[in-house]
Amino acid sequence: MHTMQFILNGIIAGSMYSLVAVGFALIYQTGRFFHFAHGVVYATGAYLAYTLVISLDINPVASFFLAAALAGVVGVGIDRFVYKPFRKQKAPNLVFLIASFGIFIFIQNLLQLIYGAQILTMRTGSVKEGHHFLGAVITNIQILILVVSAALCLGLWLFVKRTKLGKAMRAVADDRIAASVVGINPERIILAAFAIGSALAGAAGILISLETNIKPTMGMNAILKGIIASIIGGIGSIPGAMFGGLFLGIAENLGIWKISAGWKDCIAFVILIVFLLFRPGGIMGVKSEGERL
Amino acid sequence: MEYILHILVITGIYIMLTLSLNLVVGYTGLAALGHAAFSCVGAYASSLLVLNYGLSPWIGLIVGACVAAILGALIGMPSLRLKGDYLALATFGLGVIVYSVAKNWVSVTRGPMGLPGIPGFSVFGIQLSQVWTYLLLVTVFVLLTYLVIHRVVSSPFGRILRGIREDEIAALAMGKNVNKHKVIVFVIGAFFAGIAGSLYAHYITFIDPSSFTVMESIAILLMVVFGGMGSLPGSFVGAAILVIFPELLRFLGMPSSVAAPLRQMIYGLLLIVLMLKRPQGILGKYRWK
């Protein structure tokens with residue numbers, strides 16, 4: 001009885017991790033560095049949606065697309081103004097990581113300065129009772145979250161597999177120099193990856209803001225779980241990141257049930273460290289560089 | 001006056017943390033992001049020994065540092081095989097795990113309520129209670145840390161560390177045991193972080209998990225980077241500026257809801273601009289090729 005409810009909660013939390021993780025994986029694959037500030041793009045998405053829906057009173061569906069697109073713009077801006085100069089200097093990964101922390105801290109506190117440190121909510125009206133489904137209760141909003149995030153993940157996967165731009169992305173992920181030899185501009189591909197990945201992170205932030213409260217620090221948890229999901233799924237693999245997210249969400253929620261909620265982050269990182277040490281290729285068993293995406 | 005002395009004591013503790021992290025990150029090139037975890041372990045081990053068993057804080061300090069060092073070895077041995085970003089994540093994870101344990105293992109650490117009433121140090125039977133006595137004590141420890149780390153980095157051992165930073169495969173090809181060196185460096189770093197944590201605990205007389213968050217680790221890394229990776233004088237400057245500067249902002253008279261995020265924004269911006277314009281830090285010479 002309770003098991004199903006916890007698994008369902010895990011799937012819902014996991015679908016958010018998956019959305020953050022697939023975007024992270026896409027950026028990691030093309031740019032080859034850990035874009036830690038991805039988490040703050042997620043938070044930005046939630047706050048943009050809040051501004052559009054609550055403050056400017058725009059239609060929620062239109063706001064969703066607008067906020068996701070704006071999150072994409074934020075991601076592109078980060079790449080243009082911060083990462084691109086580093087790529088030109090051929091900076092080591094530690095520099096990318098440190099700068100990424102810098103961006104994270106900057107934007108998170110900018111959000112706090114604008115909106116305040118307190119939690120905000122987009123929910124209006126009373127809480128409705130959900131549908132009963134296999135012994136668990138699921139609300140309409142949760143169904144919406146699951147459907148939209150599954151559609152976005154699958155859409156991204158098809159995009160990378162089937163379209164010409166997706167093929168170019170895989171080529172850059174495989175070998176940046178070889179890709180540029182055949183006429184692909186890696187800078188444009190990385191830019192496209194940032195636009196798409198950041199829009200997905202923004203979408204995840206918007207979806208979660210329908211379900212829970214938003215606060216400026218929400219990005220930290222999201223990116224940590226996103227990175228863990230993408231590593232346990234097999235770094236850079238899009239289906240891997242999806243499964244990794246779900247796996248992590250379910251494991252965490254079963255942990256909350258069996259142990260206690262305070263140990264949630266601890267469980268996630270223990271899983272990460274076990275994977276890093278014993279199966280660094282992740283569930284999908286990513287081995288060589290070429291197999292990825 | 002008391003306030004200025006207090007800030008100087010805190011600066012001294014951060015200088016110890018920065019020096020020890022510089023050995024790991026700046027000299028050996030390991031992306032370690034969990035330094036606060038070691039000072040957390042040192043602080044808690046030391047405080048619990050003193051509070052529960054009535055031991056002298058000096059024994060607490062030594063045991064605390066050793067426990068931190070052992071943890072460093074246990075974590076270092078498996079995870080230092082990981083490269084770059086993955087090592088950063090594993091050490092980051094260590095930070096989160098240690099923080100969670102301190103917060104959730106309520107029966108021992110009292111969780112978020114923290115440990116109050118930690119006794120201070122005494123020297124030759126005289127209890128150190130004035131802030132200036134702690135300033136002397138911390139100064140002695142900062143000098144000790146500096147001397148040890150200076151000795152390590154200017155010895156042949158230190159040359160191997162720089163070799164590992166520049167080109168790990170070349171160091172291996174020269175017949176150097178790269179993993180062993182990494183673990184030793186990690187353990188030394190953890191040991192001094194443990195001492196710093198213990199000093200902090202016995203000076204403030206109260207600790208709770210919120211002093212040892214992951215953001216704290218990032219702040220220490222920022223001090224290393226700011227002063228200059230691979231520069232010991234840089235660590236002094238980096239820690240001093242980044243501890244004292246936010247205190248100065250306090251006098252501008254902004255409401256804290258504006259001042260706190262603004263200060264963090266300046267930190268973030270500083271990190272980005274520094275990496276773009278002067279990645280070697282204020283006093284550093286090392287620059288990637």
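Below, chains carry the letters A, B, ... as their sequence lines are ordered, and counting in each starts from 1.
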Rounded to the nearest 0.5 Å, what separates atom [atom1] in [X] from atom [atom2] in [Y]?
X        : Y        : atom1 : atom2 : value
B:Lys103 : A:Trp263 : NZ    : CH2   : 11.5 Å
B:Asn104 : A:Lys264 : CG    : NZ    : 12.0 Å
A:Ile103 : B:Met275 : CD1   : CE    : 12.0 Å

- Select, from B:Ala31, B:Ala88, B:Pro78, the one with the greatest count of heavy-atom pairs under 4.5 Å involving chain A.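 Of the options given, most contacts go to B:Pro78.
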
- A:Val82, A:Ile98, A:Ile267, A:Leu111: which one forms the most heavy-atom pairs within less than 4.5 Å of chain B?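 With the most close heavy-atom pairs to chain B, the winner is A:Ile98.
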
- Could you tell me which of A:Ala117, A:Gly116, A:Pro216, A:Gly102 has the largest number of non-hydrogen atom pairs under 4.5 Å with chain B?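 Max contact count across the listed options: A:Gly102.
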
- Mind listing the closest non-hydrogen atom pair of A:Asp265 and B:Ser100 along with its distance?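 Answer, listing the atom of A:Asp265 first, then B:Ser100: CB-OG, 4.4 Å.
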
- Return the set of residues passing side chain to side chain donor-acceptor pair (under 3.5 Å) with A:Tyr47 (not counting sequence neighbours), or none when no residue passes.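 In terms of side chain to side chain donor-acceptor pair (under 3.5 Å), with neighbours along the sequence ignored, A:Tyr47 is linked to no residue.
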
- Partners of B:Glu216 by side chain to side chain donor-acceptor pair (under 3.5 Å), sequence neighbours excluded?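 Residues passing side chain to side chain donor-acceptor pair (under 3.5 Å) with B:Glu216: B:Tyr14.
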
Note, [X] side chain near [Y] side chain (heavy atom, < 4.5 Å):
X        : Y        : result
B:Phe92  : A:Leu224 : yes
A:Asn109 : B:Leu262 : no
B:Leu33  : A:Leu97  : yes
B:Val25  : A:Leu94  : yes

- Item | Residues in residues 263-270 of chain B that sit under 4.5 Å from chain A, counting heavy atoms only |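 The stretch touches chain A at B:Gln264, B:Met265, B:Gly268, B:Leu269.
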
- Message: Using the side-chain contact (heavy atoms from CB on, under 4.5 Å) definition, which of the options B:Ile272, B:Leu222, B:Ile218 pairs with A:Ile105?
- Response: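 Of the listed residues B:Ile272, B:Leu222, B:Ile218, the side-chain contact (heavy atoms from CB on, under 4.5 Å) partner of A:Ile105 is B:Ile218.
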
- Scan B:Ile75, B:Leu89, B:Ile97 and name whichever one has a side-chain contact (heavy atoms from CB on, under 4.5 Å) with A:Ile273.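 The side-chain contact (heavy atoms from CB on, under 4.5 Å) with A:Ile273 is passed solely by B:Ile97 among B:Ile75, B:Leu89, B:Ile97.
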
Donor-acceptor contacts, no H, no angles, side chain residues 33-40 of chain A, under 3.5 Å, sequence neighbours left out:
residue	atom	partner	partner atom	Å
A:His35	ND1	A:Tyr83	OH	2.8
A:His38	NE2	A:Val20	O	3.3
A:His38	NE2	A:Phe24	N	3.4

What part of [X] is in contact with chain B, defined as an atom under 4.5 angstrom from a non-hydrogen atom: side chain, backbone, both or neither?
X        : value
A:Ile228 : neither
A:Leu272 : side chain
A:Ile227 : side chain

- Message: If you count heavy atoms of other groups shown closer than 6.0 angstrom to CH2 of B:Trp105, is the number above 12?
- Response: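 No, the 6.0 Å shell around CH2 holds no more than 12 heavy atoms from other groups.
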
- Item | Interchain contact, B:Val101 with chain A, by part (heavy-atom threshold 4.5 Å) |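 For B:Val101, backbone and side chain are both near chain A.
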
